[in-house]
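Model, not experiment: these values are computed from the prediction.
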Amino acid sequence: MYDQTKCVHHPIVSLEGYASIGVATYRASTIVFDDVQSYGDRHTRGPTGYSYGLYGTPTSRTLEAQLTQLHGGVGTVLLPSGQAAITSIMLSVLRPGDRVLIPSSVYPPVMTHCATYLREFGIDHTIYDPLCGSGIEQLIDSRTKLVWVESPGSTSLEVQDLPAIADASHRAGALVGCDNTWASPLLCKPLTLGADFVVEALTKYAGGHSDVLLGSVTVRDEPNDTKLRDWLRTMGIGVSPDDCTLVLRGLETMGVRLAHVGRVAADIARKLGRSTAVQRVLHPALPEHPGNASFIRDFTGASGLFSVELKQQAVPLLPMALEGLKYFKIGASWGGTHSLLAPITLAATQSTRSRCQSRTYLRISIGLEDPDDIWDDLNTIFYRLERQLQNISLPNKD
């Protein structure tokens with residue numbers, strides 16, 4: 001063997017006595033075969049077999065299997081993001097002439113996808129009240145093939161009655177998909193509540209460190225699992241094993257992280273409810289929260305994301321109040337170790353059950369900083385808002 005060949009072909013080393021506690025990162029585009037017959041029969045290896053790197057390596061298979069176990073499904077597929085997971089379900093299930101129902105509280109890019117891309121392909125969508133429960137039956141017709149649920153909602157955090165929605169949908173022959181990112185499979189298991197598909201934006205709590213983009217779909221029955229996998233193969237959609245490794249690592253600590261941020265978020269949400277700058281606090285565990293009864297029934301706990309709806313007169317004052325933050329960062333996404341704030345204004349069709357006006361929220365993602373430091377930052381923000389509101393309301397003494 002010449003030196004140039006030695007550079008290409010790695011020597012075989014013994015693995016005897018070696019056992020790593022972590023999952024190895026297997027990177028591959030090409031999968032090699034022992035002989036011509038094996039190569040010719042590669043497509044008979046099944047959906048979880050190895051035939052080409054795009055379709056999975058032992059690293060991605062490990063993550064898929066772990067999520068399948070956590071959700072109690074028959075299989076899981078991985079995608080480049082949570083949004084990609086949602087749109088892949090819709091595009092694999094819906095055909096021209098079909099209809100999908102989406103809640104008004106849905107993640108805004110999902111609504112945009114339905115209103116633009118799906119509409120161009122002759123697929124209609126209907127926006128429904130997330131708190132309608134079994135009343136969704138009135139919106140389902142023969143064209144309705146998919147009912148989408150996001151519970152709690154992305155910003156306004158309404159908790160939907162998934163069992164009632166799933167029952168009405170299935171009786172009408174429609175499938176049900178659920179975005180479960182807020183809760184993760186540790187706090188809610190939508191497949192056991194009637195969903196056919198459950199999506200996780202693994203970017204959030206599963207990854208846990210704000211450094212990876214990945215999504216997943218776990219499926220309740222074999223036919224839908226096979227259909228989704230076939231669609232993904234024809235579209236050439238795959239994920240990086242390095243990203244899978246980051247999520248596998250994040251899953252190991254997700255339980256303790258969720259328990260911590262859940263406790264801190266609930267405590268802070270109650271405190272913020274006393275601020276005169278706040279119209280209302282949106283946290284599923286609060287008794288007055290929309291869908292709280294469903295939350296108590298279907299969830300085992302709360303995560304670290306909640307929203308504060310500001311009084312209208314406080315909205316223009318928010319930019320100045322957010323200056324000089326010590327620990328919070330302003331940014332999209334959530335579920336990482338750093339606490340985040342995101343000012344979000346939702347259109348009337350997405351903000352509440354009322355359609356009269358848009359509303360502005362401060363979405364708060366609690367991280368792993370000390371709870372006293374987190375509260376100090378937030379208390380400063382709302383103290384500034386309260387003082388400014390007080391100055392505005394003072395009578396002119398001229």
How about V74 and N224: do any of their side-chain heavy atoms sit closer than 4.5 Å?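 With C-beta onward as the side chain, the pair stays apart.
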
Rounded to the nearest 0.5 Å, how far apart are CG of L202 and CG of L246?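 One finds 11.5 Å between CG of L202 and CG of L246.
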
Please state whether the rings of F33 and Y39 are parallel, tilted or perpendicular, taking 30° and 60° as the class boundaries.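 It falls in the perpendicular class, over 60°.
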
Does a donor on one side chain and an acceptor on the other come within less than 3.5 Å for D376 and N379?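 No, N379 and D376 have no side-chain donor paired with an acceptor closer than 3.5 Å.
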
As a test of understanding, state which of V106, T87, V100, I102 forms a side chain to side chain contact (heavy atoms under 4.5 Å, CB included) with H113.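 The passing option is T87.
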
So, D196 side chain and G177 main chain: donor-acceptor pair closer than 3.5 Å or not?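 Side chain of D196 to backbone of G177, a donor-acceptor pair under 3.5 Å: no, none is there.
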
Is there a path of hydrophobic side-chain contacts, each under 4.5 Å between heavy atoms of I, L, V, M, F, W or Y residues, that connects I330 with I381?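 Yes; tracing contacts between hydrophobic side chains, which count when under 4.5 Å, links both residues.
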
H209 side chain to G207 backbone, donor-acceptor under 3.5 Å: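 Answer holds: yes.
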
Mind listing the closest non-hydrogen atom pair of S92 and L228 along with its distance?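 Smallest interatomic distance, heavy atoms only, reads OG-CD1, 3.6 Å.
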
Counting only heavy atoms from other residues, nucleotides and ligands, does the tally under 6.0 Å from NE2 of H260 exceed 12?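 Yes.
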
Within a strict 4.5 Å, meaning less than it, do heavy atoms of the T155 and S105 side chains meet?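 A side-chain contact under 4.5 Å is absent here.
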
Between Q160 and Y128, is there a side-chain heavy-atom distance shorter than 4.5 Å?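 In short, these two side chains touch, coming nearer than 4.5 Å.
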
Keeping D225 on the side-chain end and V219 on the backbone end, is there a donor-acceptor pair under 3.5 Å?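 Such a contact is absent between D225 side chain and V219 backbone.
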
If you measure only the distance, is there a donor-acceptor pair under 3.5 Å linking the side chains of S216 and E200?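 No.
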
Answer with yes or no whether the side chains of D242 and T245 bring together a donor and an acceptor at under 3.5 Å.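 No, D242 and T245 have no side-chain donor paired with an acceptor closer than 3.5 Å.
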
Indicate whether any N or O donor in one side chain lies under 3.5 Å from an N or O acceptor in the other, for D41 and Q37.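 Distance-only check passes for D41 and Q37.
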
Are the side chain of T300 and the backbone of L186 linked by a donor-acceptor contact shorter than 3.5 Å?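 Confirmed, T300 side chain pairs with L186 backbone.
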
Would the distance check show the side chain of E309 and the main-chain N or O of L282 forming a donor-acceptor pair, the cut-off being under 3.5 Å?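 Between the backbone of L282 and the side chain of E309 there is no qualifying donor-acceptor contact (under 3.5 Å).
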
Y26-V23 co-clustered via ILVMFWY side chain contacts under 4.5 Å: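 Different hydrophobic clusters.
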
Considering only heavy atoms from C-beta outward, does the side chain of T76 approach that of V217 to under 4.5 Å?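 When only atoms from C-beta onward are counted, V217 and T76 do not touch, as no gap falls below 4.5 Å.
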
So, do C178 and E150 sit near enough that their side-chain heavy atoms are less than 4.5 Å apart?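 C178 vs E150: side chains apart.
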
Under the side chain to side chain contact (heavy atoms under 4.5 Å, CB included) test, residues paired with D3 that sit two or more places apart: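 For D3 the side chain to side chain contact (heavy atoms under 4.5 Å, CB included) partners, ignoring immediate neighbours, are K6.
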
Flag for D141-T144: side-chain donor and acceptor within less than 3.5 Å: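 Yes - a donor-acceptor pair under 3.5 Å links their side chains.
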
Is R233 positioned over the aromatic face of Y55, cation under 6.0 angstrom from the ring centre and no more than 45 degrees off axis?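 The answer is yes; both the distance and angle limits are met.
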
Nearest atoms (heavy-atom pairs only) where V239 meets L79: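 Closest pair (atom of V239, atom of L79, distance): CG1-C, 3.4 Å.
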
Got a sec: does the NZ of K271 have more than 12 other heavy atoms crowding it under 6.0 Å?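 Yes, because the 6.0 Å sphere around NZ of K271 holds more than 12 heavy atoms from other groups.
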
Close side-chain approach of D267 and W375, heavy atoms under 4.5 Å: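 No - every pair of side-chain heavy atoms lies 4.5 Å or more apart.
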
So, are K326 and D377 salt-bridged, with charged N and O less than 4.0 Å apart?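 Not counted as a salt bridge, because no side-chain N and carboxylate O are separated by less than 4.0 Å.
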
Count I, L, V, M, F, W, Y as connected when their side-chain heavy atoms are under 4.5 Å apart, and connections chain through other members. Are I31 and I237 then in the same cluster?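 Each belongs to a different hydrophobic cluster.
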
Non-hydrogen atoms of A183 and C188 that approach each other most closely: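 Where A183 meets C188 most closely, the heavy atoms are CB-CB, 3.8 Å.
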
With no hydrogens and no angle check, do the side chains of E386 and S275 hold a donor and an acceptor under 3.5 Å apart?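 E386 vs S275: donor-acceptor pair found between side chains.
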
Is the closest side-chain donor-acceptor distance between T345 and R359 under 3.5 Å?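 There is no such pair between these side chains.
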
For Q312 against S358, the heavy-atom pair lying closest together: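 Closest approach of Q312 to S358: NE2-O, 3.8 Å.
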
Decide if atom CZ of R270 counts as having more than 12 heavy atoms of other residues, nucleotides or ligands within a radius under 6.0 Å.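 Not buried by this count: 12 neighbours or fewer within 6.0 Å.
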
If you count the non-hydrogen atoms of other residues, nucleotides and ligands that lie under 6.0 Å from OH in Y50, is the total more than 12?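 It does: Y50 OH has more than 12 such atoms within range.
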
Please determine if R171 and E137 form a salt bridge, counting it only when a charged side-chain N lies under 4.0 Å from a carboxylate O.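 Between E137 and R171 there is a salt bridge, with a charged N closer than 4.0 Å to a carboxylate O.
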
State, to 0.1 Å, how close L322 and P343 come at their nearest heavy-atom pair, and which atoms those are.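 Shortest heavy-atom separation between L322 and P343 comes out as CD1-CG, 3.9 Å.
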
Just to verify, what does R387 make a side chain to side chain contact (heavy atoms under 4.5 Å, CB included) with, not counting sequence neighbours?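 Side chain to side chain contact (heavy atoms under 4.5 Å, CB included) list for R387, sorted by chain: Y383, Q390.
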
In terms of hydrophobic clusters joined by side-chain contacts under 4.5 Å, are L232 and I86 together?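 Result: yes, single cluster for both.
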
Quick check against the 3.5 Å criterion: does H283 have a side-chain atom that pairs as donor or acceptor with the backbone of A285?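 Yes, because the side chain of H283 sits within donor-acceptor range (under 3.5 Å) of the backbone of A285.
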
Passes side-chain contact (heavy atoms from CB on, under 4.5 Å), F382 versus T276? Steps please. CA-CA 9 Å; F382 285 91; T276 56; over 6 Å; no

Please say whether more than 12 non-hydrogen atoms of neighbouring residues, nucleotides or ligands are located less than 6.0 Å from CD in Q4.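 Open: at most 12 neighbouring heavy atoms sit under 6.0 Å from CD of Q4.
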
Give a yes-or-no answer on whether the side chains of S156 and E158 include a donor-acceptor pair shorter than 3.5 Å.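 Yes, E158 and S156 have a side-chain donor paired with an acceptor closer than 3.5 Å.
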
Checking T57 side chain against G53 main chain: does a donor-acceptor pair fall under 3.5 Å?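 No: the side chain of T57 does not pair with the backbone of G53.
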
What's the verdict on side-chain contact (heavy atoms from CB on, under 4.5 Å) for F299 and V159, showing C-alpha distance, side-chain angles and the deciding distance? CA-CA 10 Å; F299 292 69; V159 182; 3.8 Å; yes

Pairwise side-chain contact, I165 with S134, heavy-atom cut-off 4.5 Å (strictly under):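 Counting from C-beta outward, I165 and S134 never come under 4.5 Å.
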
Kindly indicate, with the supporting measurements, whether the criterion side-chain contact (heavy atoms from CB on, under 4.5 Å) is fulfilled by W148 and I89. CA-CA 10 Å; W148 193 253; I89 294 172; 3.9 Å; yes

Please step through side chain to side chain donor-acceptor pair (under 3.5 Å) for the pair T126 and R99, ending with a clear verdict. CA-CA 7 Å; T126 297; R99 183 190 307 276; 3.1 Å; yes

Would you call D161 and R297 a salt bridge, taking side-chain N to carboxylate O under 4.0 Å as the test?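 Yes, this pair counts.
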
With side chain to side chain contact (heavy atoms under 4.5 Å, CB included) as the test, pick out the partner of W334 among T203, L305, V261.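 With W334 as partner, T203, L305, V261 yield a single side chain to side chain contact (heavy atoms under 4.5 Å, CB included), made by L305.
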
R61 side chain vs G49 backbone, donor-acceptor pair below 3.5 Å: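 The answer is yes, because a donor-acceptor pair under 3.5 Å joins these two groups.
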
Can you name the closest pair of heavy atoms from L139 and L101 and give their distance?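 Smallest heavy-atom distance, with atoms named: CB-CD1, 4.0 Å.
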
Output yes when a side-chain donor or acceptor of S104 lies under 3.5 Å from a complementary backbone atom of D129, and no otherwise.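 No.
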
Kindly work out whether a path of hydrophobic side-chain contacts (I/L/V/M/F/W/Y, heavy atoms less than 4.5 Å apart) joins M90 to Y117.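 In one cluster: yes.
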
Is there a side-chain contact between K145 and R95 (heavy atoms, below 4.5 Å)?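 They are not in contact (no side-chain heavy atoms under 4.5 Å apart), so the answer is no.
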
Please name all residues satisfying salt bridge (charged side-chain N to carboxylate O under 4.0 Å, His left out) with R257, sequence neighbours left out, ordered by chain then number.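 R257: no salt bridge (charged side-chain N to carboxylate O under 4.0 Å, His left out) contacts found.
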
Under the criterion side-chain contact (heavy atoms from CB on, under 4.5 Å), I'd like the reasoning laid out for V149 against D179: C-alpha separation, chi angles, the key distance, then a yes or no. CA-CA 6 Å; V149 172; D179 185 339; over 6 Å; no

Looking at H289 and V281, would you say the former's side chain and the latter's main chain have a donor-acceptor pair under 3.5 Å?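 No, the answer is negative, given that no donor and acceptor are paired below the 3.5 Å cut-off.
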
Please confirm whether W182 and Y205 have ring centers closer than 6.0 angstrom.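 Aromatic pair excluded; centres sit 6.0 Å or further apart.
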
